[in-house]
Amino acid sequence: MITIGRQCGSAGRKIGMKLAEELGIKCYDKELLSLAAKHSGLCEELFETHDEKPTSSFLYSLVMDTYSLGYTTSAYMDMPINHKVFLAQFDAIKKLAMEESCVIVGRCADYALADYPNTTTVFICGDEKDRIAYLKEIYQMNDAQAKDTMIKTDKKRASYYNYYSSKKWGDAKSYDLCINSSAVGYDGAVKLIRAFAEAKQEWKK
């Protein structure tokens, strides 16, 4: 299992997809929403609405206490929908880890798989000018729109990650490997992740 956290515009998804293609495995990003919806019975639109969005109205401990009790308890029934969405994704990620090797982009996957020894956790960052250029190209934005999107998306991802996990988004201590895609390029990032994952697996034998 390889998980990829990413700054907006750093091409984390692109790198993840290229990595998965080279390894002959699947890359899950938005696809996780469909899986989680299917397993949980919740409407897929709910997952798209609440995808990687932070919350601050309820305590994280309440969520995880309920997770340990299962989905039929009254606590789960009364839980806010964004927590139900998080738990369903959490479950879908763990289920994937039991069934196949894959690359998972975002969604606190590194935290969900913290107890899985064959997991390599990666964070992709990039220089601001390169990230803005990437967003402009992908989404046909101007400089101001790209910068605004980048700042808001990173803030949202950080809030979500920091709220639901016990770690800090983008902090080197939270991951096995941090890569600046501006420094090594997309292909270079793929090479580094592959080499690191293989070295980690060898070391842990």
Side-chain angles (χ1 to χ4, degrees), residues 2-23 25-37 44-56 82 85-86 89 93 102-111 120-165 167-197:
I2 297 174
T3 69
I4 297 180
R6 71 285 184 223
Q7 282 187 320
C8 180
S10 67
R13 174 181 165 81
K14 184 175 183 175
I15 290 165
M17 290 179 72
K18 189 170 180 56
L19 175 65
E21 187 183 347
E22 283 195 14
L23 293 171
I25 58 179
K26 289 182 183 175
C27 177
Y28 292 92
D29 184 7
K30 294 284 186 189
E31 298 82 358
L32 260 175
L33 307 185
S34 301
L35 279 177
E44 189 170 341
E45 283 73 19
L46 289 174
F47 287 84
E48 290 168 7
T49 307
H50 294 275
D51 186 31
E52 288 194 301
K53 290 201 175 151
T55 181
S56 57
N82 50 353
V85 165
F86 171 78
Q89 287 191 86
I93 290 166
C102 61
V103 176
I104 301 179
V105 179
R107 292 164 190 85
C108 292
D110 58 311
Y111 181 64
T120 295
T121 62
V122 181
F123 188 83
I124 309 285
C125 65
D127 296 348
E128 186 174 294
K129 63 178 176 54
D130 294 326
R131 292 162 60 202
I132 288 172
Y134 181 81
L135 291 171
K136 282 171 65 179
E137 181 187 344
I138 297 294
Y139 299 110
Q140 305 302 303
M141 297 172 164
N142 60 35
D143 280 61
Q145 289 169 325
K147 186 167 185 177
D148 185 58
T149 297
M150 181 184 76
I151 291 168
K152 285 179 178 172
T153 303
D154 279 351
K155 189 175 180 182
K156 182 184 80 168
R157 286 176 181 169
S159 297
Y160 179 85
Y161 185 91
N162 296 347
Y163 182 82
Y164 281 115
S165 86
K167 302 184 291 182
K168 188 175 178 186
W169 185 82
D171 187 320
K173 295 193 294 294
S174 299
Y175 311 90
D176 293 329
L177 176 67
C178 295
I179 297 174
N180 183 338
S181 58
S182 294
V184 295
Y186 308 147
D187 289 343
V190 170
K191 268 188 207 169
L192 281 171
I193 297 168
R194 282 193 70 170
F196 185 93

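Along the sequence shown, residues are numbered consecutively beginning with 1.
What you find for I15 and V190 is that their closest heavy atoms are O-CG2, 3.7 Å. Annotation for D127 and S182: closest pair N-OG, 2.8 Å, computed over non-hydrogen atoms. Among all heavy-atom pairs drawn from R107 and V105, the shortest one is NH1-O, 2.9 Å. Scanning all heavy atoms of the two residues, the minimum distance from V184 to A189 falls at CG2-N, 3.7 Å. Closest approach of G126 to S10, counting heavy atoms only: N-CB, 4.1 Å. Scanning both residues, D110 and S174, for their nearest heavy atoms gives OD2-O, 3.8 Å.
Contact of the I179 side chain with the I4 side chain is not registered, since no non-hydrogen atoms from C-beta on lie closer than 4.5 Å. Taking 4.5 Å as the limit, every side-chain heavy atom of I193 sits out of range of all side-chain heavy atoms of V103. Between D154 and R131 there is a side-chain heavy-atom pair separated by less than 4.5 Å.
More than 12 heavy atoms of other residues, nucleotides or ligands shown are found within 6.0 angstrom of CD on Q145. Atom CE of M17 has 12 or fewer heavy atoms from other residues, nucleotides or ligands within 6.0 Å. Counted within 6.0 Å of NZ on K26, heavy atoms from surrounding residues, nucleotides or ligands total 12 or fewer; the atom is thus considered open.
The side-chain contact (heavy atoms from CB on, under 4.5 Å) test applied to C125 returns Q7, F123, N180, not counting sequence neighbours. Partners of T121 by side-chain hydrogen bond (donor to acceptor under 3.5 Å, both in side chains), not counting sequence neighbours, listed by chain and number: D176. In this structure K129 satisfies the side-chain hydrogen bond (donor to acceptor under 3.5 Å, both in side chains) test with no other residue, sequence neighbours excluded.
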For a side-chain contact (heavy atoms from CB on, under 4.5 Å) check, start with the C-alpha distance between T149 and Y139, then their side-chain angles and the critical distance, and finish with the verdict. CA-CA 10 Å; T149 297; Y139 299 110; 5.8 Å; no
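Atom CD1 of I132 and atom NZ of K136 lie 8.0 Å apart (nearest 0.5 Å). With rounding to the nearest 0.5 Å, the separation of SG in C8 from NZ in K155 is 14.5 Å. To the nearest 0.5 Å, the span separating NZ on K18 from SG on C27 amounts to 13.0 Å.
Between the side chain of R194 and the backbone N or O of L19, no donor-acceptor pair lies under 3.5 Å. At least one donor-acceptor pair under 3.5 Å links the side chain of N162 to the backbone N or O of W169. Checking side-chain atoms of Y186 against main-chain N and O of S181 turns up no donor-acceptor pair under 3.5 Å.
The residues D143 and K147 are annotated as not salt-bridged, no charged nitrogen and carboxylate oxygen being separated by less than 4.0 angstrom.
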